[in-house]
Amino acid sequence: MPPSLRKPLAALSLLALLAGCQTTPTAELRGTGDLGVVVERATGSLAVVDTSERRILERVEGLGDLSHASVKFSRDARHAFVFGRDGGLSRVDLLTGEITHRVIQSGNSIGGAVSQDGSLVAVANYEPGGVKIFDSESLKEVADIPATWVDDSGEQQRSKVVGLVDAPGNRFVYSLFEAGEIHLVDMHGDTPEVTRFTDIGKQPYDALIGPSGRYYIAGLFGEDGLALLDLWHPEQGVRRILPDYGRGEERLPVYKMPHLEGWTLAGDEAWLPAVGRHEVLVADGDDWTLVDRIPVHGQPIFVMRRPDERQVWVNFAHPDNDVVQVIDTESREVVATLAPGEAVLHMEFTPKGEHAWVSARDSDRVVVYDTHTLEEVARLDSESPSGIFFTDRAHRIGL
């Protein structure tokens with residue numbers, strides 16, 4: 001071929017190649033930092049949402065029984081780990097909307113956690129009682145830790161596991177409901193090392209861990225007060241805090257257990273739901289003494305702080321579960337009562353707190369509020385929505 005023709009033909013070939021590329025559809029490129037999911041419990045699906053555009057991107061179906069589902073995120077915030085009530089553990093790719101892995105690992109599970117380095121996923125099980133730990137990439141089982149204890153008659157039993165959280169150092173912490181124990185699991189080596197703390201109080205029902213990962217606190221259903229484990233000094237054992245906040249008062253009926261995972265640490269104070277009381281408790285974050293009791297609309301379920309710590313948002317158990325109250329943390333007064341719809345189940349703040357997303361299950365909607373004006377800014381149709389989880393949780397201890 002004469003040299004004079006080579007360049008024009010090469011240019012034509014390049015143009016043809018580019019034209020071919022333009023006719024091939026390309027996937028939309030996006031980050032995951034402003035994504036999240038809404039659990040749609042009636043349909044066993046997740047709605048993947050964009051928190052910046054305040055819209056649903058797609059739905060992921062086939063996730064089983066999501067009647068009490070919770071969600072954690074991978075270290076890179078691309079994958080959501082879904083813990084179903086039917087014992088299902090699913091790994092969902094938020095960018096493709098696909099279930100990459102799914103296992104039925106127990107008969108009844110209640111939540112889970114992702115390790116500090118992101119390599120492990122732990123699941124809390126009611127039936128059979130215990131914790132199972134999986135590789136986060138393949139969902140291959142790494143460890144099975146039965147939650148055993150010896151009852152008053154000397155018989156070995158299995159206990160429901162509640163309040164499972166991740167802790168610094170690739171550790172997990174959880175409570176045993178029937179046994180009244182807290183277990184600390186170290187996953188540094190090839191096999192789990194379990195440290196047991198017994199006689200912590202009657203019926204721990206849920207737990208929380210502080211944002212620094214130092215304090216693990218279990219709420220007690222069988223008695224007033226909470227049990228605190230200092231993970232900097234586990235050798236000191238578990239101590240009781242706030243034991244007298246309800247002394248001499250008759251408990252009100254509890255239609256739904258408070259969720260301590262949604263607790264709030266605002267400044268030097270911890271804000272917690274009181275069991276069997278229409279109160280939010282405020283405790284000193286240093287010595288864990290009771291500072292205040294704030295009357296609220298009903299039995300609190302979640303007590304959650306806005307990221308700047310200026311507000312605390314509270315939702316409630318049946319029959320008072322059609323409102324959300326907003327408390328100013330400086331004045332400790334209720335400054336707003338909002339009505340998102342029937343059966344408010346969960347709330348979630350955007351990473352810097354400009355918006356709060358609220359699920360109203362029986363109204364089939366998610367309502368988004370401006371947290372400064374407290375006005376509604378968006379409403380999304382969703383069938384029986386419950387938990388709302390945003391990907392910034394991937395980088396926060398215990399969430």
Salt bridge [X]-[Y], side-chain N to carboxylate O under 4.0 Å:
X	Y	answer
Arg396	Asp392	yes
Glu342	Arg361	no
Lys140	Asp135	no
Arg78	Asp76	no
Glu376	Arg379	yes
Asp50	Arg30	yes
Arg75	Asp117	no
Asp166	Arg171	no
Arg293	Glu279	yes
Glu53	Arg55	yes
Asp86	Arg102	yes
Arg41	Glu383	no

Under 3.5 Å donor-acceptor, [X] side chain and [Y] backbone:
X	Y	answer
Glu269	Asp284	no
Ser359	Val366	no
Asn315	Phe302	yes
Arg365	Pro340	yes

Close side-chain approach of [X] to [Y], heavy-atom, < 4.5 Å:
X	Y	answer
Ile209	Leu231	yes
Leu184	Val194	no
Trp313	Val326	yes
Asp364	Ser384	yes
Asp322	His297	yes

Shortest non-hydrogen contact from [X] to [Y]?
X	Y	value
Ala227	Ile200	CB-O, 3.7 Å
Pro295	Val334	O-CG2, 4.2 Å
Ile397	Pro211	CD1-O, 3.6 Å
Val131	Ala122	CG1-CB, 4.2 Å
Phe390	Glu348	N-OE2, 3.0 Å
Ser159	Glu178	OG-OE1, 2.9 Å

Report the C-alpha separation of Arg240 and Asp199 in whole Å, then their side-chain angles, then the decisive distance to 0.1 Å, and conclude whether the salt bridge (Lys or Arg N to Asp or Glu O under 4.0 Å) test is met.
-> CA-CA 11 Å; Arg240 296 291 298 279; Asp199 299 320; over 6 Å; no
Decide yes or no on salt bridge (Lys or Arg N to Asp or Glu O under 4.0 Å) for Glu137 and Arg91, but give the supporting numbers first.
-> CA-CA 9 Å; Glu137 290 290 332; Arg91 181 176 182 265; 3.2 Å; yes
Using the six-membered ring wherever Trp is involved, compare the ring planes of Phe389 and His346 and label them parallel, tilted or perpendicular (cut-offs 30° and 60°).
-> tilted
Step by step, work out the side-chain hydrogen bond (donor to acceptor under 3.5 Å, both in side chains) result for Asp370 and His372.
-> CA-CA 6 Å; Asp370 182 304; His372 294 278; 5.5 Å; no
Start with the C-alpha gap between Tyr126 and Val161, add the side-chain angles, then the distance that decides, and say whether side-chain contact (heavy atoms from CB on, under 4.5 Å) holds.
-> CA-CA 6 Å; Tyr126 273 9; Val161 170; 5.9 Å; no
Pairwise distance [atom1]([X]) to [atom2]([Y]) - rounded to 0.5 angstrom:
X	Y	atom1	atom2	result
Asp186	Thr195	CG	OG1	8.0 Å
Leu208	Ile217	CG	CD1	5.0 Å
Asn125	Phe83	CG	CZ	10.5 Å
Glu58	Thr96	CD	OG1	7.5 Å
Leu338	Gln325	CG	CD	9.0 Å
Phe81	Lys72	CZ	NZ	12.0 Å

Evaluation steps, side-chain contact (heavy atoms from CB on, under 4.5 Å), between Ile133 and Met187 | CA-CA 10 Å; Ile133 301 176; Met187 291 299 297; 3.6 Å; yes
Is there a side-chain contact (heavy atoms from CB on, under 4.5 Å) between Tyr216 and Ser175 once you walk through the steps?
-> CA-CA 10 Å; Tyr216 177 86; Ser175 298; 2.9 Å; yes
Under the side-chain hydrogen bond (donor to acceptor under 3.5 Å, both in side chains) test, which residues partner Ser386, sequence neighbours left out?
-> none
Under the side-chain hydrogen bond (donor to acceptor under 3.5 Å, both in side chains) criterion, do Gln116 and Asn170 qualify, and how do the steps go?
-> CA-CA 5 Å; Gln116 184 178 37; Asn170 265 26; over 6 Å; no
Between Tyr215 and Trp288, does the ring centroid distance fall short of 6.0 Å?
-> yes
